[in-house]
Amino acid sequence: MRSNRTKIVLACCTALLLALAPASAWAQEPAAKQAPAGQQAPAAQANLAPSARSAILMDADSGTIIFEKNSHDKLPPASITKVMTMLLIMEALDEGVIKLTDKVSTSEYAASMGGSQIFLEPGEEMTAEEMLKGIAMASGNDASVAMAEKIAGTEAEFVNMMNKRAEELGLKNTHFSNVNGLPVENHYTSAHDIAVMSRELLKHPEITKYTGLYQDHLRKSSDKPFWLVNTNKLVRFYSGADGLKTGFTSEAKFCLTATAKRDGLRVIAVVMGEPNTKTRNAEVSQMLDYSFAQYMNHTIFKKDDVMGTVKIEKGSVPELTLTAKHSYSVLLKKGSSVKDIRYELQLPKLAAPIKVNEPIGKLIVYQGDQVLTEFNVDSPATVERAGWWKLFKRSVGSLF
């Protein structure tokens with residue numbers, strides 16, 4: 001009798017849960033499952049990157065994962081490390097810490113780096129832009145250290161900044177011990193974490209001006225010109241490719257984080273531990289082909305679109321206009337309906353001071369009642385706290 005009662009209770013509970021669950025919980029997703037920006041979603045079933053030790057394919061706008069293989073394994077990244085190095089350089093430029101025209105001097109230590117380099121001499125000066133070009137195209141280990149010392153004073157302090165930024169991005173399988181990826185203990189990351197770093201770097205679209213360039217010169221007007229050829233051959237041979245970074249050491253094997261854009265869809269493909277460059281480039285090309293054949297995106301905001309305004313309590317300015325720094329879109333299977341897709345901008349009450357690029361709210365995209373994805377919305381500018389006199393005048397002015 002007790003057994004029958006138990007079965008009846010379980011059946012009733014199951015029926016009640018099914019009745020209360022929203023319809024969207026049982027609905028088929030429009031594409032590879034959307035996830036809050038930068039988070040993991042279930043992978044699509046596709047036989048991609050068979051030779052890679054680890055791989056991932058991600059939509060750059062929404063952070064949706066299209067495909068993955070051992071994507072959270074901790075592995076040596078070689079020069080893909082420089083994605084984080086370049087990210088901190090781009091953020092330092094945004095924050096006014098450095099300018100592209102600033103002169104960067106080469107220390108003895110920076111000039112001593114082996115491996116890939118642009119052959120900087122001790123005491124040699126280049127602009128920050130030239131150094132950035134040397135990192136992005138030629139994977140300059142020496143240029144990476146020179147820029148780290150320019151921004152943080154020492155490479156060690158810059159490495160601390162890299163690890164702090166990794167933590168802020170929620171990277172669980174990453175730890176840096178240098179700025180260039182030369183073999184060293186306790187230096188590792190994962191394909192997933194590289195994709196998230198790459199996505200963050202692409203929020204600075206001007207980076208592809210350097211990563212997408214196939215060849216150029218440094219010291220062009222000197223008696224020792226240096227010819228730069230991009231280590232990522234896909235930027236020349238794959239339509240739409242414009243980055244991002246290659247890597248190789250005997251331990252890491254052949255690695256690549258690549259990005260390409262077609263018809264408004266930008267994707268990121270990461271492979272680690274490939275046996276050779278030919279296989280690496282072929283498998284990444286196949287991953288990109290798969291994305292463009294199967295998926296499309298639906299744009300919510302284009303770059304530079306006005307998203308809204310937000311009031312700043314006690315700020316040096318009373319409100320900020322939020323302008324899209326990059327495209328905001330959702331990933332859909334080709335041919336999917338875009339009916340009923342809407343968005344909601346969630347902005348809490350804000351009080352100064354606020355730093356540029358500080359997260360200040362969320363953009364949530366729905367299809368009907370179902371959440372497709374979420375994006376962080378960052379402050380477009382720094383807002384200092386207003387002085388008492390400015391606040392007094394603002395208060396008096398509001399009375400009339």
Side-chain angles (χ1 to χ4, degrees), residues 76-93 95-162 176-185 187 201 204 206-233 235-236 243-252 255:
S79 283
I80 289 183
T81 297
K82 298 181 180 90
V83 169
M84 180 60 87
T85 304
M86 290 190 289
L87 174 59
L88 293 188
I89 292 170
M90 299 310 293
E91 290 179 344
L93 288 166
E95 294 164 12
V97 174
I98 57 170
K99 299 190 292 293
L100 286 172
T101 54
D102 284 352
K103 291 291 186 180
V104 181
S105 183
T106 306
S107 68
E108 290 270 0
Y109 175 65
S112 73
M113 294 295 111
S116 301
Q117 53 186 303
I118 58 172
F119 301 98
L120 292 168
E121 297 286 345
E124 183 177 2
E125 287 190 338
M126 283 191 180
T127 65
E129 183 172 36
E130 289 170 325
M131 291 284 190
L132 179 57
K133 197 182 293 182
I135 297 168
M137 295 180 65
S139 196
N141 295 326
D142 45 3
S144 299
V145 173
M147 285 300 295
E149 292 174 339
K150 173 70 174 179
I151 292 169
T154 65
E155 182 190 23
E157 185 54 37
F158 193 87
V159 169
N160 288 337
M161 292 169 61
M162 293 168 73
F176 297 110
S177 295
N178 62 33
V179 302
N180 46 37
L182 287 169
V184 66
E185 286 187 14
H187 188 92
L201 178 59
H204 305 268
E206 59 274 23
I207 191 63
T208 58
K209 173 184 173 184
Y210 309 104
T211 61
L213 195 60
Y214 182 64
Q215 58 185 4
D216 201 354
H217 282 84
L218 293 174
R219 313 180 187 92
K220 193 170 184 179
S221 59
S222 76
D223 58 352
K224 292 183 179 179
F226 185 76
W227 186 36
L228 291 172
V229 180
N230 202 320
T231 56
N232 178 11
K233 305 309 178 192
V235 302
R236 182 178 182 186
L244 272 169
K245 193 70 198 72
T246 60
F248 170 78
T249 62
S250 57
E251 180 187 21
C255 307

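The closest donor-acceptor contact from the side chain of Thr106 to the backbone of Glu124 lies under 3.5 Å. A donor-acceptor pair under 3.5 Å links the side-chain atoms of Glu130 to the main chain of Thr127, judged by distance alone. Of the possible polar contacts, one joining the Asp142 side chain to the Leu120 backbone as a donor-acceptor pair under 3.5 Å is found. With hydrogens and angles disregarded, a donor-acceptor distance shorter than 3.5 Å links the side chain of Lys82 to the backbone of Asn180. Looking at Lys133, its side chain never comes within 3.5 Å of a backbone N or O of Leu213 through a donor-acceptor pair.
Within the 4.5 Å cutoff, no side-chain heavy atoms of Ile135 are placed close to those of Asn141. In this structure, the side chains of Asp216 and Val229 stay at 4.5 Å or more apart for every pair of heavy atoms. With contacts defined as side-chain heavy-atom distances shorter than 4.5 Å, the pair Tyr214/Lys233 qualifies.
Atoms CG and OG, on Leu182 and Ser79 in that order, are 7.0 Å from each other to the nearest 0.5 Å. The structure places CG of Leu201 at 5.5 Å from CE of Met86, a figure rounded to the nearest 0.5 Å. Between atom CE of residue Met137 and atom CD of residue Gln215 there is a gap of 7.5 Å, rounded to the nearest 0.5 Å. Rounding to the nearest 0.5 Å gives a distance of 12.0 Å between CD1 of Ile80 and OG1 of Thr85. The structure places CD1 of Ile89 at 10.0 Å from CE of Met131, a figure rounded to the nearest 0.5 Å. For the atom pair CD1 (Ile151) and CD (Glu91), the distance works out to 10.0 Å, reported to the nearest 0.5 Å.
Ser139 and Ser116 form no side-chain donor-acceptor contact under 3.5 Å, judged by distance and modelled atom types alone.
When all heavy atoms of Ala78 and Phe248 are compared, the closest pair comes out as CB-N, 3.4 Å. Taking all atoms of both residues into account, the shortest heavy-atom contact from Gly243 to Val235 is N-CG1, 3.6 Å. The shortest heavy-atom contact between Glu149 and Tyr109 is OE2-CD2, 3.6 Å. Contact detail for Glu155 and Val179: the closest heavy-atom pair is OE2-N, 3.2 Å. Taking each heavy atom of Ala110 and Ala146 in turn, the nearest pair found is CB-N, 3.9 Å. Nearest heavy-atom pair across Asn230 and Thr211 is ND2-O, 2.9 Å.
When ring centroids are compared, Phe176 and His187 come within the 6.0 Å threshold.
Salt bridge present: Glu129 and Lys209 bring a charged side-chain N and a carboxylate O closer than 4.0 Å.
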Q) So Lys150 and Ile98, side-chain contact (heavy atoms from CB on, under 4.5 Å) or not? Walk me through it. A) CA-CA 8 Å; Lys150 173 70 174 179; Ile98 57 170; 4.2 Å; yes
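Within a 6.0 Å sphere centred on CD of Glu108, other residues, nucleotides and ligands contribute 12 heavy atoms or fewer.
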